[in-house]
Amino acid sequence: MKTAKEIHYRLIEDGIEAQEDVLYNEPFTITKVGLTEIYAWTEDGNGWQSLEEDSAQVKFDNVSPVVTNARITSGTKGAGTWITSNRRNNSRSK
């Protein structure tokens, strides 16, 4: 039985090959916004290589969410200017 000695990968970013036949020896970072496909295969050092059949897709978005027109003007006050609940106390005194 053959055992893998090396793991190789390639990256395709938005349909364009970005990195080809990279020897995996440490974690890598994906910083490209959009879709990145990761293909990987193993080699045993003696000419045997696994098939590169499947890929993993990573969708990366580095844009922080923006909230507009959200305003809570009443509710249960917490520390500082925080409002911890926007529910009103509907109990009425009799």
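Keep in mind it's a predicted model, so treat the numbers as computed, not measured.
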List the atom pairs, donor and acceptor, that lie under 3.5 Å between side-chain atoms in residues 13-25 and the rest of the protein, sequence neighbours left out.
| from | atom 1 | to | atom 2 | distance (Å) |
| --- | --- | --- | --- | --- |
| D14 | OD1 | L35 | N | 3.2 |
| D14 | OD2 | K32 | NZ | 3.2 |
| E17 | OE2 | R10 | NH1 | 3.2 |
| D21 | OD1 | H8 | ND1 | 2.8 |

**Prompt:** Going through the distances and angles, do I30 and I38 end up as a side chain to side chain contact (heavy atoms under 4.5 Å, CB included)?
**Reply:** CA-CA 10 Å; I30 295 173; I38 305 168; 3.9 Å; yes

**Fill in**
The side-chain hydrogen bond (donor to acceptor under 3.5 Å, both in side chains) partners of Y9 (sequence neighbours excluded) come to none

**Request:** Nearest 0.5 Å please: distance from the CD1 atom of I7 over to the OG atom of S50.
**Result:** 9.0 Å

**Worked verdict on W41 versus L51 for side chain to side chain contact (heavy atoms under 4.5 Å, CB included)** = CA-CA 6 Å; W41 64 94; L51 296 177; over 6 Å; no

**Interatomic spacing from CG in N62 to OG1 in T31 - rounded to 0.5 Å** = 8.5 Å

**Min side-chain heavy-atom separation F28-L11 under 4.5 Å** = yes

